[in-house]
Enquirer: 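Here's a structure for you.
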Amino acid sequence: MRFDVITLFPELFAPFLEAGITRRAFASGQVELRLWNPRDFAEGNYRRVDDRPFGGGPGMVMMAEPLLRCLQAVRASRGEAEDSAAPVVLFSPIGEVLCHSAVERWSQSSGAILVCGRYEGIDQRFIDAHVDMQISLGDFVLSGGEIAALALLDAVARLQPGVLNDEGSHQLDSFNPALDGLLDCPHYTRPEVWCEQAVPPALLSGHHAQIERWRRDRSIELTALHRPDLIVAARARGHLSTVDEAVLTASGKRV
């Protein structure tokens with residue numbers, strides 16, 4: 001798959017490509033990443049990409065024309081047929097909040113063109129004419145779309161085959177359908193006793209069924225405590241067993 005990122009700060013992506021586990025996805029070519037700076041497509045000696053907003057107000061707005069020229073260059077580079085053109089994604093507060101199921105869909109796609117806004121935003125006319133979808137990370141504001149783009153790229157890259165050391169690592173992630181959309185359970189490692197706190201005996205038992213039951217129970221309890229909405233959703237889909245319901249009742253966290 002290929003992701004093209006339109007950003008005024010391409011240098012922010014360099015460390016991401018050179019460090020961490022997910023770099024394998026980019027080094028191997030499983031995920032191709034190309035960075036495009038709209039300033040390279042701006043006119044004039046100063047390569048201006050922003051201007052004051054009509055109607056007044058603080059801040060600056062990214063201009064539509066440099067963005068369009070940049071997008072046209074991306075399209076030409078991708079060489080796609082019109083009926084299979086990559087979607088243009090803008091990271092924006094009004095977008096749909098990114099979730100695990102969306103990440104899974106992106107991880108199986110052919111990629112996209114990611115637009116990272118800056119300042120007070122970008123000219124609405126560019127959005128209306130060229131943006132296919134908008135994505136948000138949550139109800140807060142970032143200085144630009146780069147961090148949101150990195151979050152999507154990281155989430156997609158780690159789902160590619162061979163990127164994680166253990167092929168099954170992501171199967172038990174929080175929000176994963178393999179966990180019925182629930183939160184993951186707590187995890188422990190050596191030493192067995194640390195600061196007078198011991199690892200739960202079930203995890204030391206060597207009894208696989210007992211271990212899996214312990215993990216399932218803790219997952220249910222954590223989810224009921226921190227994200228009861230996920231319990232409600234799992235129950236509605238018929239993903240909670242009678243044993244799961246008994247765990248909820250015993251924990252006092254009945255949802």
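FYI, side chains are in, hydrogens and waters are out, and symmetry mates aren't considered; it's all heavy atoms of this structure. Keep in mind that this is a model prediction, so the values were computed, not measured. The first residue of the sequence shown is numbered 1, and numbering continues consecutively from there.
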Enquirer: Check whether any side-chain heavy atom of T223 sits under 4.5 Å from a side-chain heavy atom of P228, and report yes or no.
Expert: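 A side-chain contact under 4.5 Å is absent here.
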
Enquirer: Where do P186 and R218 come nearest, in terms of heavy atoms and distance?
Expert: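 Looking at all heavy atoms of both residues, the shortest contact is CD-CB, 3.6 Å.
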
Enquirer: Using side-chain contact (heavy atoms from CB on, under 4.5 Å), reason through R213 and V247 one step at a time and then give a plain yes or no.
Expert: CA-CA 11 Å; R213 187 66 249 174; V247 170; 4.2 Å; yes

Enquirer: Go through the steps for R158 and I21 under the test side-chain contact (heavy atoms from CB on, under 4.5 Å), then give the verdict.
Expert: CA-CA 8 Å; R158 68 187 299 277; I21 290 176; over 6 Å; no

Enquirer: Are any side-chain N or O atoms of Q160 and backbone N or O atoms of V156, one a donor and one an acceptor, separated by less than 3.5 Å?
Expert: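 Checked: pair present.
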
Enquirer: Assigning hydrophobic clusters by single linkage (Ile, Leu, Val, Met, Phe, Trp, Tyr; side-chain heavy-atom cutoff under 4.5 Å), is L67 placed with V61?
Expert: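 No; V61 is not reachable from L67 via cluster members.
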
Enquirer: Taking all heavy atoms of R78 and all of A112, pick out the closest pair and write down the distance.
Expert: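 Reported closest heavy-atom pair: NH1-O, 3.8 Å.
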
Enquirer: Show which side-chain atoms of residues 140-155 pair as donor or acceptor with protein atoms under 3.5 Å away, not counting sequence neighbours.
Expert:
from	atom 1	to	atom 2	distance (Å)
E146	OE1	R118	NE	3.0
E146	OE1	R118	NH2	3.0
E146	OE2	T7	OG1	2.6
D154	OD1	T22	OG1	3.4

Enquirer: Would you say CD of E96 has more than 12 non-hydrogen atoms from neighbouring residues, nucleotides or ligands within 6.0 angstrom?
Expert: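 Incorrect, the count does not exceed 12.
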
Enquirer: Counting only N and O atoms by type, is there a donor-acceptor contact under 3.5 Å from the side chain of D123 to the main-chain atoms of R125?
Expert: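 Yes.
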
Enquirer: So which atom in E104 and which in S107 form the shortest heavy-atom distance, rounded to 0.1 Å?
Expert: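 Closest approach of E104 to S107, heavy atoms only: O-OG, 2.7 Å.
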
Enquirer: Do other residues, nucleotides or ligands put more than 12 heavy atoms under 6.0 Å from D139 CG?
Expert: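 Atom CG in D139 is not crowded, with 12 or fewer foreign heavy atoms closer than 6.0 Å.
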
Enquirer: Donor-acceptor pair, distance only, cut-off 3.5 Å: does the side chain of H226 make one with the backbone of A224?
Expert: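 Side chain of H226 to backbone of A224: no pair is present.
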
Enquirer: Verify, without hydrogens or angle tests, whether S84 (side chain) and E80 (backbone) share a donor-acceptor contact under 3.5 angstrom.
Expert: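 Absent.
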
Enquirer: When rounded to the nearest 0.5 angstrom, what distance separates SG in C70 from CH2 in W36?
Expert: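 With rounding to 0.5 Å, SG (C70) is 7.0 Å from CH2 (W36).
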
Enquirer: Would you list the pairs meeting side-chain hydrogen bond (donor to acceptor under 3.5 Å, both in side chains) in which at least one residue belongs to residues 44-68, sequence neighbours left out?
Expert: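 Matches after skipping sequence neighbours: R48-D51.
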
Enquirer: Please report, to 0.1 Å, the donor-acceptor pairs under 3.5 Å made by any side chain of residues 195-202, with sequence neighbours excluded.
Expert:
none

Enquirer: Treat each ILVMFWY residue as a node, draw an edge where side-chain heavy atoms are under 4.5 Å apart, and state whether L159 and V89 are in one component.
Expert: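 Yes, L159 and V89 fall within the same hydrophobic cluster.
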
Enquirer: Donor-acceptor pair, distance only, cut-off 3.5 Å: does the side chain of S136 make one with the backbone of V97?
Expert: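 No.
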
Enquirer: Report the distance from atom CG of L71 to atom CZ of F126, rounding to the nearest 0.5 Å.
Expert: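 So the gap between those two atoms works out to 5.0 Å.
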
Enquirer: Indicate yes or no: does D180 engage R237 in a salt bridge with an N to O separation below 4.0 Å.
Expert: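 A salt bridge is absent here (no side-chain N lies under 4.0 Å from a carboxylate O).
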
Enquirer: Group every Ile, Leu, Val, Met, Phe, Trp and Tyr by side-chain heavy-atom contacts under 4.5 Å, then state whether L114 and F9 land in the same group.
Expert: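 L114 and F9: one cluster.
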
Enquirer: Set out, in order, the CA-CA distance, both residues' side-chain angles and the distance that settles side-chain contact (heavy atoms from CB on, under 4.5 Å) for W106 and I135, then state yes or no.
Expert: CA-CA 12 Å; W106 283 115; I135 293 176; 4.0 Å; yes

Enquirer: Does any N or O in the side chain of S219 come within less than 3.5 Å of the main-chain N or O of L183, such that one atom is a donor and the other an acceptor?
Expert: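 Yes.
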
Enquirer: Of the non-hydrogen atoms in P87 and G111, which two are nearest, and what is the gap between them?
Expert: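 Scanning both residues, the minimum pair turns out to be CD-O, 3.7 Å.
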
Enquirer: According to a 4.5 Å side-chain heavy-atom criterion applied to Ile, Leu, Val, Met, Phe, Trp and Tyr, with indirect links allowed, do V74 and M133 form part of one hydrophobic cluster?
Expert: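 Yes, one cluster joins them.
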
Enquirer: For R75 and A86, indicate whether the former's side chain and the latter's backbone hold a donor-acceptor pair under 3.5 Å.
Expert: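 At least one qualifying donor-acceptor pair exists.
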
Enquirer: Has E192 got more than 12 heavy atoms of other residues, nucleotides or ligands less than 6.0 Å from its CD?
Expert: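 Open: at most 12 neighbouring heavy atoms sit under 6.0 Å from CD of E192.
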
Enquirer: Can you confirm whether L8 sits close enough to V49 that some side-chain heavy atom of one is under 4.5 Å from a side-chain heavy atom of the other?
Expert: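 Yes; the side chains approach each other to less than 4.5 Å.
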
Enquirer: Membership question, hydrophobic clusters at under 4.5 Å side-chain separation (ILVMFWY): are F3 and L17 in the same one?
Expert: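 Linked within one cluster.
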
Enquirer: Got a second to check how far E212's CD is from W214's CH2, nearest 0.5 Å?
Expert: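 Between atom CD of E212 and atom CH2 of W214 there are 11.0 Å.
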
Enquirer: Which heavy atom of L222 sits nearest to which heavy atom of D184, and what is that distance?
Expert: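 Nearest heavy atoms, L222 then D184: CD1-O, 3.5 Å.
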
Enquirer: Does H100 offer a backbone N or O that forms a donor-acceptor pair with the side chain of R105 under 3.5 Å?
Expert: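 Absent.
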
Enquirer: How about I6 and L35: do any of their side-chain heavy atoms sit closer than 4.5 Å?
Expert: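 Contact flag for I6/L35 side chains = no.
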
Enquirer: Hey, mind stepping through Y188 and W194 against side-chain contact (heavy atoms from CB on, under 4.5 Å) and telling me if it holds?
Expert: CA-CA 10 Å; Y188 300 84; W194 178 76; over 6 Å; no

Enquirer: For a 4.5 angstrom cut-off between non-hydrogen side-chain atoms, does L248 reach E221?
Expert: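 Side-chain contact under 4.5 Å: no.
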
Enquirer: Could you measure the distance from the CE atom of M1 to the OG atom of S110? Nearest 0.5 Å is fine.
Expert: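 Spacing of CE (M1) from OG (S110) equals 8.0 Å.
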
Enquirer: Do the non-hydrogen side-chain atoms of M62 and P38 ever get within less than 4.5 Å of each other?
Expert: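 Yes. Closest side-chain heavy atoms under 4.5 Å.
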
Enquirer: In terms of side-chain heavy atoms, does R34 have a donor or acceptor partner in S77 at a distance below 3.5 Å?
Expert: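 There is such a pair between these side chains.
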
Enquirer: Check whether any side-chain heavy atom of R215 sits under 4.5 Å from a side-chain heavy atom of L203, and report yes or no.
Expert: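 They are in contact (side-chain heavy atoms under 4.5 Å apart), so the answer is yes.
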
Enquirer: Using side-chain heavy atoms (C-beta onward) and a distance below 4.5 Å, is I127 in contact with Q134?
Expert: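 Yes, their side chains come closer than 4.5 Å.
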
Enquirer: Which distance, rounded to the nearest 0.5 Å, do you find between the CZ of R235 and the CG of L230?
Expert: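 Spacing of CZ (R235) from CG (L230) equals 12.0 Å.
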
Enquirer: Any sub-3.5 Å donor-acceptor pair from R23's side-chain atoms to G20's backbone N or O?
Expert: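 Flag set: sc R23 to bb G20 pair under 3.5 Å.
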
Enquirer: Do D4 and R2 meet the salt-bridge criterion of a basic N to acidic O distance under 4.0 Å?
Expert: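 Judged by the 4.0 Å cut-off on N to carboxylate O distance, R2 and D4 do form a salt bridge.
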
Enquirer: Identify the two heavy atoms, one from I211 and one from G206, that lie closest to each other, and give their separation to 0.1 Å.
Expert: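 Closest pair (atom of I211, atom of G206, distance): CD1-N, 4.2 Å.
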
Enquirer: Please round to the nearest 0.5 Å and tell me the distance separating atom CD of E245 and atom CD1 of I231.
Expert: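 Reported to 0.5 Å precision, the distance equals 8.0 Å.
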
Enquirer: Considering only heavy atoms from C-beta outward, does the side chain of E43 approach that of P66 to under 4.5 Å?
Expert: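 Not in contact.
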
